[in-house]
Amino acid sequence: MTRSTTVQINGERLWSELESLAKIGALPGGGVCRLAFSKEDKQGRDYVEQRMRDAGLEVRIDPIGNILGVRDGTGPDRRLVLTGSHIDTVGTGGKYDGSLGVLAGLEVLQTLNEHQVQTHHAVGVVAFVNEEGVRFMPDMMGSLYVSGQLGLDEIEPIEGIDGKTIKECLDEVAFSGEDDIPVDFIKSFIELHIEQGPVLLDKELDIGIVDRVQGILWEEVVLEGESNHAGVTPMHRRRDAGYVASSIAAYVRTLTEEIEGLRGTVGALSLFPNLINVIAKEATMTIDLRHAEKDRLIQARDLLHQKINALCEKEKVRPSIKPLADVDPVIFDAQCVESVEKAAEALHYSSMRMISGAGHDAQIMASKWPASMIFIPSQDGISHNINEYSTPEHVEAGANVLLHAILDKAGMSTL
Ligand code: GLV
Ligand code: MN
Ligand code: MN
């Protein structure tokens with residue numbers, strides 16, 4: 001990795017900010033738990049909001065808690081060149097998934113201040129709410145709201161896995177503001193994120209120039225069978241919801257072997273009454289399917305539904321399937337991708353174009369505005385894990401690429 005002599009972000013400051021934010025919701029063995037709309041999430045958001053104010057940004061908080069900080073441009077076209085990500089985490093999350101993109105965006109804006117760089121366009125950083133979607137579905141909720149794909153009336157009644165609604169959380173933890181993000185004012189969106197996979201690591205590259213994101217289908221399957229005695233009930237008389245659920249989970253893996261490029265996961269599975277000598281009367285499971293091509297994703301879902309129906313019919317179990325999220329694969333804007341590529345080249349970082357396996361706010365923003373992403377390597381290709389880690393050097397490299405991609409989009413008037 002070669003460092004350039006042009007304007008640079010402050011890598012040490014960014015690293016220390018990542019460490020500070022990670023103390024909020026820190027888990028005993030390392031990592032972070034800041035589930036969306038929780039008290040920890042709110043504490044983290046207060047931290048980010050304060051940092052935005054410290055940097056002299058104009059801060060707006062919208063009715064679901066998305067926070068935007070803006071540094072004005074010198075015009076005449078002052079539309080917003082936007083960056084950002086999310087600070088909510090999964091239950092056993094790391095320090096970098098999401099937080100990097102928000103804090104690096106802030107670092108970029110502080111760097112512009114310190115170097116007295118004036119840009120034609122305004123530059124902004126956003127901390128989206130509920131990107132992870134583990135407590136309240138769908139994921140990427142903040143960017144779905146900003147891009148007009150999900151309304152407040154649809155969001156507020158959503159019930160989380162702990163039975164609370166988003167409206168209750170918004171009221172209880174005082175998340176909401178009144179300043180909707182000025183959508184007509186957005187020009188583009190570029191998000192920095194950790195790769196969360198092993199591609200850059202295996203190829204020993206510094207930067208991923210993300211030009212596509214695969215699509216996501218999430219479903220919840222509830223199976224209703226009948227409880228009975230484990231020792232007495234003959235096998236042919238059973239209506240075993242646990243057996244059907246595990247057969248479905250095994251079939252999800254088989255599907256990934258049959259459809260090239262498909263990723264399939266059963267990440268949550270619970271049985272009722274969940275006792276050693278009682279046949280499960282009910283099973284609830286989640287299914288996460290991902291593919292770069294929409295047609296293949298639909299094919300996978302159709303095959304899965306056929307299989308679920310066949311298994312249920314045989315075991316006399318009643319299935320109900322609820323869609324939880326449906327996000328199309330996305331191809332990013334060519335010019336935004338080029339801005340990232342040019343920045344990586346100018347800074348002499350090794351890089352490659354790549355697809356994102358994970359879902360991101362940038363893929364939602366891309367439905368309305370030109371967008372792209374920057375990845376940095378993840379140690380051991382691990383994420384959604386308390387051991388998630390990226391090196392300080394890669395964090396700094398990613399933020400520098402973000403800085404220069406933003407300068408390319410925002411147009412510098414003085415340096
Ligand atoms: C978000 O982290 C996702 O890809 O599930
Ligand atoms: Mn993320
Ligand atoms: Mn994540």
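Counting convention: from 1, in listed order, for ligands and their atoms alike. Numbers here simply count residues along the sequence, with the first being 1. Note: hydrogens, waters and symmetry copies are ignored here, and every other heavy atom, side chains too, is used. All of these numbers come straight from a predicted model, not from anything done at the bench.
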*Asks:* Step by step, would you call Gln299 with Arg296 a side-chain hydrogen bond (donor to acceptor under 3.5 Å, both in side chains)?
*Replies:* CA-CA 5 Å; Gln299 182 195 11; Arg296 303 298 262 164; 2.7 Å; yes
*Asks:* How about the Mn ion (ligand 3), which protein N, O or S atoms come within less than 2.8 Å?
*Replies:* Asp97 OD2, Glu132 OE1, Glu132 OE2, His384 NE2
*Asks:* Quick check: closest heavy atoms across Ser227 and Ile279, and the distance to 0.1 Å?
*Replies:* OG-O, 3.0 Å
*Asks:* Select the closest option to atom 4 (O) of ligand 1 among Gly359, Gly98, Ala325, Ser383, judged by heavy-atom distance.
*Replies:* Gly359
*Asks:* Is it the case that ligand 1 has an N or O less than 3.5 angstrom from some N or O of His384?
*Replies:* yes
*Asks:* Can an N, O or S atom be found in His193 less than 2.8 Å away from the Mn ion (ligand 2)?
*Replies:* yes
*Asks:* I'd like to know whether the aromatic ring centres of His404 and Tyr349 sit less than 6.0 Å apart in this structure.
*Replies:* no
*Asks:* Using the side chain to side chain donor-acceptor pair (under 3.5 Å) rule, pick out the option among Asn66, Asp180, Asn130 that qualifies with Tyr145.
*Replies:* Asp180
*Asks:* Looking only at heavy atoms, which two atoms of Pro157 and Leu152 are closest? And how far apart?
*Replies:* CD-O, 4.4 Å
*Asks:* Are Gln363 and Ser356 linked by a side-chain donor-acceptor pair shorter than 3.5 Å?
*Replies:* no
*Asks:* I'd like the name of whichever of Glu131, Glu132, Arg290 reaches closest to atom 5 (O) of ligand 1 through any heavy atom.
*Replies:* Arg290
*Asks:* Measure across His291 and Glu260 and return the closest heavy-atom pair with its distance rounded to 0.1 Å.
*Replies:* NE2-O, 2.7 Å
*Asks:* Can you find an N/O atom of Ala358 closer than 3.5 Å to an N/O atom of ligand 1?
*Replies:* no
*Asks:* With backbone taken as N, CA, C and O and side chain as the heavy atoms from C-beta onward, which portion of His360 lies under 4.0 Å from ligand 1: side chain, backbone, both, or neither?
*Replies:* neither
